[in-house]
Every structure is written in C-alpha cells, then in structure tokens.
Amino acid sequence: MFPISSWYDRLGYHSFPTVFVGLRADQKTALLEAAGRDVVDSPTSSVEKSVAAALQKAIRALPGSCFVGADVCAPTDSPLFAESASVSNGDRAWQMLTSSPKVRQALQQDQTSRLTVRPFRNMNRIREFRLFLYDRELVAMSQMNLERHFKRFARRHDQLWGQGCELATAFRDGLPADHAVVDIYFCSNGDALLVDMNQWGEPTDPLLLRTWDQDWTARPGLKLIAPPLDLSGDVSVSF
Ligand SMILES: Nc1ncnc2c1ncn2[C@@H]1O[C@H](COP(=O)(O)OP(=O)(O)OP(=O)(O)O)[C@@H](O)[C@H]1O
Ligand SMILES: [Mg+2]
C-alpha cells in the first residue's frame, strides 16, 4: 500500500490539501479498541477525546466539511460513510473511523500511525479513472465506474489517453515505486486531481484491465465500458 504520506511531500500539489494527524501509541491503541466494538460510540475516555480533538482541529483548519481517512485507506465501508462521506466535527470523524473494518484492519496490521483530513469534495464517480504506471510510464488506464457505457468518453478516447500520459509524466519522479496505480479525478474545468495511490498487483483491482497477469509492456491502453447493443440506456455526462 502507498499511504498518502508516502507521496504527499512530492505530489501533494496535484492532490487535495491534506492535514496529517499523527497518533501516539496510546491513541492508536484506543482507536483500535474502539474499532473492535460493535457499537458506534462517541469518544469517552480522555485518550479517545484527545484523538477527536486533534481531528476537530484539523477539520477547522480546512474550509468546509472534510473527508477523513487512515492514510492507507478511507472508511468507505463504514455504515456512516453510506449516510454521508463528509464530516464536520471531530466526534463524527472518530465515529466514522472506528466503525470502518478497513480502518480497523489497517491499525491491526500496523499499516498506519496517522489519520488524514482532507476537504470533502462532491465527486462524480464517473469522472474517476485509474492509471497503471509500469516502469513509471502510463501503460493502461481504466474507468473506475463500471456500471455502464458512457458515449462521451468513447468520443474522447484519444484526448483522455493524452491527459493520462501528461499526468503520468507529471507524477513520474514523485512515485514511491517504479510500478504504481494512481487514481485520478477529472474536475469539470479539465484539471485532474490525484486522489489515491495503490500498489501494483493484488489486492488492487485491475478494473477493466481484468487481470494483473498480462504483458504490461504491450501497453494495453485506455479501457472503457463497451457500448450496449441498445444505446438508449446511455446517459450524457458533462465532461
Ligand atoms: N476528499 C474527498 N472528498 C469526497 N470524496 C472523496 C475524497 N477523497 C476520496 N473520495 C472518494 O472516496 C473514494 C475512496 O477514497 P480512497 O481511494 O482514498 O480510499 P480507499 O480506502 O483506497 O478506497 P477504495 O478501496 O474504494 O479505493 C474515492 O474513490 C472517491 O470517490
Ligand atoms: Mg483507493
């Protein structure tokens, strides 16, 4: 896994501003213990409250509501995340993190010693793409949202690939390894944001590239969902 902190000093300016909240050993233990309980509780002990207070301070340092994570992962599997992915106070951030099995596992396996707080952005998953960088070169790219075909993307195939190549060049020297998988978000103004960086191979999902077991030097290129036989199901995406 590539935690945000492993690339942020070199590539952070391509991404969301991020406030890191380092955890002391006792804070990490408290977070892990709370994450092991079945109920979603507000912080109660003084150590728990110190974590929530640190998160609260970080949230206040950023404009608007926030998106919290554990540096290596985000609490996307928390039941609270399904209600709303954004948090606006430390207690809610604490609850979001402690109710996520992903966060619990990252703490258990000692993959992280810090939390991350980023500005919440209303993202349309249709605009998220995954870049496959092999030997620091873009060899493949996939849509993240695999629900359906989007005609707009098919029309812009070459332009999208060109943008992917430009980003790969911009990220090249800041990558934490020669092979990496980089998730990006195309903003409506055409800019791209680096959202997340993942390790090459399992458990990272190869999405439309289907399998990790292939000759990547053959550069599979941009993969999009093929059009259905009946195009009436297509939706127009502002891009
Ligand atoms: N700052 C943000 N504001 C709003 N949504 C965000 C933000 N950052 C990420 N997201 C959304 O949350 C998703 C998961 O974030 P991220 O990839 O950082 O965590 P993850 O643990 O790797 O999750 P996954 O396993 O789904 O990739 C992103 O694909 C994006 O849709
Ligand atoms: Mg991710």
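One-based numbering, in listed order, for ligands and for the atoms of each. Since this is a predicted model, take the numbers as computed values, not measurements. The first residue of the sequence shown is numbered 1, and numbering continues consecutively from there.
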Please identify which atoms of ligand 1 are closer than 4.0 Å to at least one heavy atom of [X].
X	answer
F120	3 (N), 4 (C)
M123	4 (C), 5 (N), 6 (C), 7 (C), 10 (N), 30 (C)
R125	29 (O), 31 (O)
V195	9 (C)
C73	21 (O)

* Asked: Can S78 and S99 be counted as having a side-chain donor-acceptor contact under 3.5 angstrom?
  -> yes
For [atom], what is the closest protein heavy atom, and at what distance to 0.1 Å?
atom	result
atom 27 (O) of ligand 1	D196 OD2, 4.1 Å
atom 25 (O) of ligand 1	K102 NZ, 3.4 Å
atom 28 (C) of ligand 1	E128 OE1, 3.5 Å
atom 19 (O) of ligand 1	A74 CB, 3.3 Å
atom 6 (C) of ligand 1	F67 CE1, 3.3 Å
atom 14 (C) of ligand 1	T76 CG2, 3.7 Å
atom 4 (C) of ligand 1	R121 O, 2.8 Å

* **Shortest non-hydrogen contact from A58 toward V19** => CB-CG1, 3.7 Å
Hey, is [X] close enough to [Y] for a salt bridge, meaning N to O under 4.0 Å?
X	Y	value
R172	E137	yes
K28	D110	yes
D178	R136	yes
R92	E83	yes

Between [X] and ligand 1, does any nitrogen or oxygen pair lie at a separation below 3.5 Å?
X	answer
R130	no
P119	yes
F81	no

Ring centers of [X], [Y] separated by less than 6.0 Å:
X	Y	result
W216	F132	yes
F129	F153	yes
W7	F171	no

* Asked: Taking the side chain as C-beta and beyond, is there a heavy-atom pair between F67 and F81 under 4.5 Å?
  -> yes
* Does any N, O or S atom in D196 come within less than 2.8 Å of the Mg ion (ligand 2)? -> yes
* Asked: Any heavy atom of S86 sitting closer than 4.0 Å to ligand 1?
  -> no
* Asked: Would a hydrophobic clustering, with Ile, Leu, Val, Met, Phe, Trp and Tyr connected at side-chain separations under 4.5 Å, put V117 with F16?
  -> no
